[in-house]
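Numbered from 1 within each chain, the chains take letters A, B, ... in sequence-line order.
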2 protein chains.
Amino acid sequence: MDLQTPLIKDRNCSSCPIRHRAVCATCDDDEIVTLDAMKYYRSFDAGQPIMWAGDRMAFVGSVVSGTATIERLMEDGRKQTMGLLLPSDFIGRPGRDTATYDVTAITDVTLCCFRRDSFEKMVAQTPHISQRMLEMALDELDAARDWMLLLGRKTAREKIATFLMMIVRRSTEGEAVLTTGSKQITLPLTREAMADYMGLTLETVSRQFSKLRKEGMIVMDGKRDITIPDVEALQAETGSDLS
Amino acid sequence: MDLQTPLIKDRNCSSCPIRHRAVCATCDDDEIVTLDAMKYYRSFDAGQPIMWAGDRMAFVGSVVSGTATIERLMEDGRKQTMGLLLPSDFIGRPGRDTATYDVTAITDVTLCCFRRDSFEKMVAQTPHISQRMLEMALDELDAARDWMLLLGRKTAREKIATFLMMIVRRSTEGEAVLTTGSKQITLPLTREAMADYMGLTLETVSRQFSKLRKEGMIVMDGKRDITIPDVEALQAETGSDLS
DNA sequence: TCCCTTTTTTGACCTGAGACAAAGCCGCGC
DNA sequence: GCGCGGCTTTGTCTCAGGTCAAAAAAGGGA
């Protein structure tokens with residue numbers, strides 16, 4: 001178990017690291033007491049499935065620590081990752097009892113879970129939760145649509161640059177907006193997982209990394225740690241405007 | 001103005017053709033009276049922009065008749081369509097005042113609009129609406145993710161077959177589920193618009209249609225009307241299981 | 001430390017879809 | 001009926017990225 005995912009035991013909501021960003025972010029104290037009593041934690045080892053497409057979904061929940069992917073597999077083995085699930089992201093869909101996607105832990109993952117039926121009742125009774133769910137769903141929809149542009153129209157090089165900039169943005173969350181200078185990041189995914197996310201092969205991903213490295217756009221400290229000496233220059237390779 | 005989009009004048013909600021499927025689907029009579037007083041209709045000619053990315057969104061609304069696309073343009077002209085908006089689909093995002101995508105009418109379109117600020121108040125006060133919004137947002141998220149698999153992993157042939165099956169499904173909505181036999185459909189898009197939706201070029205779309213035609217998978221009556229003699233056979237070309 | 005496995009890199013070759021170009025088709029206005 | 005503009009089809013050539021194969025690194029136990 002890595003350093004980012006300390007063991008969580010009987011933690012209550014008031015000390016929860018995702019309290020202000022998760023589905024419960026806008027709940028008041030009374031509502032949190034109710035959720036606190038309903039919740040339970042589950043852990044998954046890196047590589048383990050959290051949910052299979054087609055399975056009954058008994059629970060919904062939030063990622064407390066670790067990273068998971070939402071993905072779908074074709075019969076012949078082709079795989080597409082539809083999203084990354086990072087701490088505070090929500091898993092599951094109230095109102096549907098069968099999963100439509102596979103969810104896989106790619107690092108050790110801890111979830112804050114609720115039984116689906118009780119959570120659905122809670123959503124129906126608690127505007128703070130249903131409103132927050134809506135907000136999160138619309139954010140995810142925006143992210144999915146941005147990714148559709150990447151998958152449908154960007155070149156391999158633009159895909160990699162866009163992906164790296166997304167990691168930069170996420171690891172800069174909360175800090176002052178960074179659009180210039182250098183930045184150090186750690187990739188949360190293997191080459192293969194990145195390929196599945198961007199609709200490429202792992203060889204193409206590897207080649208594009210090598211090319212960016214030779215050009216000095218990125219500096220690699222090991223396989224996973226990357227320094228971007230000039231964030232603006234990399235942004236210019238994404239094919240997107242910065243708005 | 002084509003036959004599917006009759007002029008709408010001072011219609012009230014009770015006779016609205018999308019009353020049972022739109023964002024107002026689960027509203028009770030009192031709520032409908034309120035919405036009825038707030039709403040206004042707007043029409044757009046085929047080809048007209050309904051909304052530009054970056055613009056202030058003054059209104060939100062539902063498609064009453066016609067078809068529109070959600071799309072994004074890159075600086076160099078590459079375009080990706082993220083979704084089709086058909087009658088009962090919702091345009092706009094409460095809680096955000098700037099559009100993130102272009103929305104374009106591809107046939108003549110009539111919208112049932114609300115001023116954004118009043119609609120946001122209504123959402124906050126009306127669980128029926130916020131719950132329905134959530135449901136619709138989650139459905140769109142599922143659709144977007146399905147399309148990500150198509151964009152990232154499917155071949156041109158699979159993309160076309162999947163697209164055709166989507167049209168079959170939509171034009172069969174409400175009827176008995178059709179998974180066998182023959183079916184007649186009308187394409188709502190030009191070759192170019194289909195290409196932008198599927199991440200292809202218009203030439204590739206045209207070639208794939210020709211190939212399917214020569215193989216007898218489809219029969220074309222003009223450019224836009226297509227008969228699919230064997231729906232199951234076409235389904236088998238989509239690369240997806242039928243679940 | 002040394003295997004053994006997994007991940008990554010690199011090379012050589014191939015191919016599906018893009019780019020460019022030209023011709024065909026169709027509806028519309030005059 | 002004719003000519004014009006916007007679609008659509010088809011041909012030819014190119015190339016970005018896929019496929020297959022092998023070598024090189026990086027862990028991670030025992």
Original post:
Can you tell me if the side-chain N/O atoms of B:Ser210 get under 4.0 Å from OP1 or OP2 in D:dT10?
Top reply: yes
**OP:** Kindly say whether, by distance alone, the side chain of B:Glu192 makes a donor-acceptor pair under 3.5 Å with the base of D:dC7?
**Re:** no
**OP:** Would you name the heavy atoms of B:Arg157 and B:Glu237 that are closest together and state the gap between them?
**Re:** NE-OE1, 2.8 Å
Original post:
Can you tell me how far P of C:dC25 sits from CG of B:Asp225, to the nearest Å?
Top reply: 19 Å
**OP:** Check whether any side-chain nitrogen or oxygen of B:Arg78 sits under 4.0 Å from OP1 or OP2 of C:dG18, and answer yes or no.
**Re:** no
**OP:** Would you name the heavy atoms of B:Ala156 and B:Thr204 that are closest together and state the gap between them?
**Re:** CB-CG2, 3.8 Å
Original post:
Between B:Ser206 and B:Leu202, is there a donor-acceptor pair closer than 3.5 Å when you use the side chain of the first and the backbone of the second?
Top reply: no
**OP:** Return the minimal non-hydrogen interatomic distance between A:Thr100 and A:Arg72, and the atom names on each side.
**Re:** O-NH2, 2.6 Å
Subject >> Between C1' of C:dG18 and CG of B:Asp196, the distance in whole Å >> reply: 14 Å
**OP:** Pick base, sugar-phosphate or nothing for A:Gly47, based on heavy-atom distances below 4.0 Å to the nucleic acid.
**Re:** nothing
**OP:** Rounded to the nearest angstrom, tell me the gap between atom CZ in A:Arg224 and atom P in C:dT7.
**Re:** 9 Å
**OP:** Nearest whole angstrom, please: distance from the P of C:dG16 to the CZ of B:Arg157.
**Re:** 12 Å
Original post:
Centroid-to-centroid, B:Trp52 to B:Tyr101, below 6.0 Å?
Top reply: no
**OP:** Go through D:dT19, D:dG17, C:dG18 for me and flag the one nearest to the B:Leu200 side chain.
**Re:** C:dG18
**OP:** Rounded off to whole Å, could you give me the NZ-to-P distance for the B:Lys154 and D:dG18 pair?
**Re:** 18 Å
Original post:
Reckon A:Arg191 has a side-chain N or O less than 4.0 Å from the OP1 or OP2 of D:dA25?
Top reply: no
Subject >> OP1 or OP2 of C:dT7 under 4.0 Å from side-chain N/O of A:Ser206 >> reply: no
Original post:
B:Thr204 side chain N/O closer than 4.0 Å to the phosphate oxygens (OP1, OP2) of C:dA17?
Top reply: no
Subject >> Selection from C:dA19, D:dT8, C:dT10 that lies nearest to any side-chain heavy atom of B:Glu203 >> reply: C:dA19
**OP:** When you get a sec, tell me which of D:dG17, D:dT9, C:dT8 is the closest nucleotide to the side chain of B:Leu202?
**Re:** D:dT9
**OP:** Measure the distance from CZ on A:Arg213 to P on C:dT8 and round it to the nearest whole Å.
**Re:** 13 Å
Subject >> Interatomic distance where CE belongs to A:Met194 and P belongs to C:dT7 [whole Å] >> reply: 12 Å
Original post:
B:Met220 side chain: which of D:dT10, D:dG17, D:dT9 is closest?
Top reply: D:dT9
Subject >> Given DNA chain D, 5'-ward residue of the pair A:Thr201 and A:Lys223, judged by closest heavy atom >> reply: A:Thr201
Original post:
For the residue pair A:Met148 and B:Leu151, what are the closest heavy atoms and their distance?
Top reply: O-CD1, 3.5 Å
Original post:
Ignoring hydrogens and angles, does a donor from either the side chain of A:Arg207 or the base of C:dG11 sit under 3.5 Å from an acceptor on the other?
Top reply: yes
**OP:** Starting from P on D:dG18, measure out to CD on A:Gln208 and report it in whole angstrom.
**Re:** 10 Å
